[in-house]
S.K.: 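The structure follows.
What you see is a predicted model, and the numbers here were worked out from it, not measured in a lab. We number each residue from 1, following the sequence as shown.
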Amino acid sequence: MSDSDNAPGDERPADARDDGSAALADFLAKWRGRWPEWSIAEVFVPADQRDVALAWATLQQELVDAAWGGSDPIPGKAKLGWWQEELSGWTRGARRHPLATVLQAFPAPWQSLAHALPALADARERPANVAAAFDRLAPFASAVAQVDNALFDTRAVPGDERVVAANLLHWRMAHEGDGGVPLDMLARAADGDPVAVWAAELRRQWPTTRSGAPVRRIWSALARERLATHGATAPLPAVKTLWTAWRSARD
């Protein structure tokens, strides 16, 4: 891998990296750092799916960080352009990013995910209301749900994309603060905390659909419980994590 082919987020010089395993570990650790509950919850994921689930969660985080992170959208758009090329390459057997060593071989709709990245970038703009927040994410959430089902060999369920969109909205709230709070939630908050108001409303709006992919059900349940008990960012206690993951993973 040349310096020009460095994956977004891998800032180390080429001679400081090994064959990619250290870089992969760095990316995975970043997601685990945000979701320490996963060290408990992943025991309810089949052993042969755990590496895939972790890599897929990390890829989603990389995409939303590019789309929504920072005060200037231009660097993020450039990263998403890189990712469009990368994901398109996966369908042809080409790969550059360390996450591809885990994910690329799966016959998932990577091209559809690549095509949906502009919609994710467009969702950076503050939505007018709650409905718009979900609607703007619909194209990207639909592509993510398709990848869910391909990776974990599950059947699509109507409403899968809304479950994904709810997860994405929670992730944005947790890591970007009030930047994505809908305008109607800002008005409702008045002089109060808009993030708290939006957290309460998002939990009320959380889909009741049971996703076809058990991994998605676990992610969704953990996010919803964070909203219910500790706010968007604080990890759940171990016992709560264990109970939530077990209940959501059941058939």
S.K.: Do Phe27 and Gln61 make a side-chain contact, defined as non-hydrogen atoms from C-beta onward lying under 4.5 Å apart?
M.R.: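 In short, these two side chains do not touch, never coming nearer than 4.5 Å.
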
S.K.: Would you say the side chain of Leu168 lies within less than 4.5 Å of the side chain of Trp68, judging by non-hydrogen atoms?
M.R.: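 Counting from C-beta outward, Trp68 and Leu168 do come under 4.5 Å.
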
S.K.: Parallel, tilted or perpendicular: which fits the ring planes of Trp83 and Trp90, with parallel below 30° and perpendicular above 60°?
M.R.: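 Plane angle over 60°, so perpendicular.
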
S.K.: Got a second to check how far Thr244's OG1 is from Arg226's CZ, nearest 0.5 Å?
M.R.: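 So the OG1 of Thr244 and the CZ of Arg226 are separated by 11.5 Å.
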
S.K.: Is the shortest heavy-atom distance from the side chain of Pro235 to the side chain of Glu37 under 4.5 Å?
M.R.: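 They are in side-chain contact.
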
S.K.: For Asn167 and Ser220, work out which heavy atoms get closest and say how close.
M.R.: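 Scanning both residues completely, I find the closest heavy atoms to be ND2-CA, 3.4 Å.
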
S.K.: Is Pro182 close to Arg126 at the side-chain level, that is, under 4.5 Å between some pair of heavy atoms?
M.R.: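 No, every pair of side-chain atoms sits at 4.5 Å or beyond.
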
S.K.: Before accepting this row, confirm whether a basic side-chain N of the pair Glu62/Lys79 lies closer than 4.0 Å to the acidic partner's carboxylate O.
M.R.: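 Salt bridge between Glu62 and Lys79, a charged N being under 4.0 Å from a carboxylate O: no.
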
S.K.: Going by an N to O cut-off under 4.0 Å, is there a salt bridge joining Arg217 and Asp160?
M.R.: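 A salt bridge is absent here (no side-chain N lies under 4.0 Å from a carboxylate O).
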
S.K.: Counting only heavy atoms not in Asp72, do more than 12 fall under 6.0 Å of its CG?
M.R.: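 Correct, the count exceeds 12.
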
S.K.: Return the orientation label for the Trp38 and Trp31 ring planes: parallel under 30°, perpendicular over 60°, tilted otherwise.
M.R.: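 Plane angle over 60°, so perpendicular.
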
S.K.: Checking Arg172 against Arg124 for the side-chain contact (heavy atoms from CB on, under 4.5 Å) test, could you report, in this order, the C-alpha distance in whole Å, the side-chain angles of both residues, the deciding distance, and whether it holds?
M.R.: CA-CA 10 Å; Arg172 184 173 191 182; Arg124 178 186 178 97; 4.0 Å; yes

S.K.: Should Trp82 and Arg96 be marked as a side-chain contact (heavy atoms from CB on, under 4.5 Å) after you check the CA-CA gap, both sets of side-chain angles, and the distance that decides it?
M.R.: CA-CA 10 Å; Trp82 188 96; Arg96 292 174 292 176; 3.5 Å; yes

S.K.: Looking only at heavy atoms, which two atoms of Gly93 and Gln104 are closest? And how far apart?
M.R.: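 Looking at all heavy atoms of both residues, the closest pair is CA-NE2, 3.1 Å.
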
S.K.: Do Leu236 and Trp243 have side chains that get closer than 4.5 Å, going by heavy atoms?
M.R.: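 Leu236 vs Trp243: side chains apart.
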
S.K.: Shortest non-hydrogen contact from Ala165 to Phe134?
M.R.: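 Heavy-atom minimum between the residues: CB-CD2, 3.8 Å.
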
S.K.: Can you tell me how far apart CD (Gln60) and CG (Leu63) are? Round to the nearest 0.5 Å.
M.R.: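 Answer for the CD-CG pair, Gln60 versus Leu63, is 8.0 Å.
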
S.K.: Specify the closest pair of heavy atoms between Leu87 and Ala114, including all atoms of both residues, with the distance to one decimal.
M.R.: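 Leu87 and Ala114 have their closest heavy atoms at CB-CB, 3.9 Å.
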
S.K.: Under a 4.5 Å cut-off applied to non-hydrogen side-chain atoms, are Val45 and Phe152 in contact?
M.R.: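 Result no, sub-4.5 Å side-chain heavy-atom pair not found.
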
S.K.: Run the ring-ring contact (aromatic ring centres under 6.0 Å, His included) check on His175 and Trp35 step by step: do they pass?
M.R.: CA-CA 12 Å; His175 305 297; Trp35 287 93; 7.4 Å; no

S.K.: In Å, rounded to the nearest 0.5 Å, how long is the span from CZ of Arg162 to OG1 of Thr209?
M.R.: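 Rounded to the nearest 0.5 Å, the CZ-OG1 separation comes out at 8.5 Å.
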
S.K.: Strictly below 4.0 Å, N to O, side chains only: are Arg32 and Glu42 in salt-bridge contact?
M.R.: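 Result for this pair is yes, salt bridge flagged.
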
S.K.: Under 4.5 Å between side-chain heavy atoms, counting indirect links through other Ile/Leu/Val/Met/Phe/Trp/Tyr residues: same cluster for Val52 and Leu28 or not?
M.R.: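 Yes, because Val52 and Leu28 connect within a single hydrophobic cluster, where side-chain heavy atoms sit under 4.5 Å apart.
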
S.K.: When you measure from the side chain of Ser88 to the backbone N and O of Glu85, does any donor-acceptor pair fall under 3.5 Å?
M.R.: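 The answer is no, because no donor-acceptor pair under 3.5 Å joins these two groups.
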
S.K.: If I take atom CG from residue Leu183 and atom CZ from residue Arg188, how far apart are they, to the nearest 0.5 angstrom?
M.R.: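 CZ of Arg188 is found 13.0 Å from CG of Leu183.
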
S.K.: Given the rule that I, L, V, M, F, W and Y join up when any side-chain heavy atoms are under 4.5 Å apart, are Val163 and Leu227 in one cluster?
M.R.: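 The answer is no; the residues belong to distinct hydrophobic clusters.
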
S.K.: Any side-chain to backbone donor/acceptor pair from Asn149 onto Ala145? Under 3.5 Å, distance only.
M.R.: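 A pair under 3.5 Å: yes.
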
S.K.: Is the backbone of Val181 close enough, under 3.5 Å, to the side chain of Asp178 for a donor and an acceptor to pair up by distance?
M.R.: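 Not confirmed, Asp178 side chain does not pair with Val181 backbone.
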
S.K.: Before you tell me yes or no, could you show the steps for Gln146 and Glu161 under side-chain contact (heavy atoms from CB on, under 4.5 Å), namely the whole-Å CA-CA distance, both residues' side-chain angles and the distance that decides it to 0.1 Å?
M.R.: CA-CA 9 Å; Gln146 292 173 40; Glu161 66 278 358; over 6 Å; no

S.K.: Is any side-chain heavy atom of Asp148 closer than 4.5 Å to a side-chain heavy atom of Trp56?
M.R.: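 Heavy-atom side-chain distance check passes, below 4.5 Å.
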
S.K.: To the nearest 0.5 Å, what is the distance between NZ on Lys30 and CZ on Arg34?
M.R.: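 Taking NZ in Lys30 and CZ in Arg34, the distance rounds to 6.0 Å.
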
S.K.: Atom CD1 in Ile218, atom CZ in Arg247: separation rounded to 0.5 Å?
M.R.: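 Answer rounded to 0.5 Å: 12.0 Å.
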
S.K.: Could you check Thr58 against Leu24 for side-chain contact (heavy atoms from CB on, under 4.5 Å), going step by step and ending with a plain yes or no?
M.R.: CA-CA 10 Å; Thr58 302; Leu24 174 62; over 6 Å; no

S.K.: Looking at Val130 and Asp184, what are the two nearest heavy atoms and their distance?
M.R.: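 Closest heavy-atom pair between Val130 and Asp184: N-OD2, 3.5 Å.
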
S.K.: Could you pull out the closest heavy-atom pair between Ala143 and Leu113, with the gap in Å?
M.R.: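 For Ala143 versus Leu113, the nearest heavy atoms are CB-CA, 4.0 Å.
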
S.K.: Donor-acceptor pair, distance only, cut-off 3.5 Å: does the side chain of Thr241 make one with the backbone of Pro237?
M.R.: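 Checked: pair present.
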
S.K.: May I ask you to say whether Lys240 pairs ionically with Glu225, meaning some side-chain N is under 4.0 Å from a carboxylate O?
M.R.: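 A salt bridge links Lys240 with Glu225.
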
S.K.: Counting distance only, does the side-chain N/O of Ser142 pair as donor-acceptor with the main-chain N or O of Ala138 below 3.5 Å?
M.R.: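 No, the answer is negative, given that no donor and acceptor are paired below the 3.5 Å cut-off.
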
S.K.: Taking the side chain as every heavy atom from C-beta outward, state whether Glu125 and Arg136 have any atom pair closer than 4.5 Å.
M.R.: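 Touching, per the 4.5 Å side-chain cut-off.
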
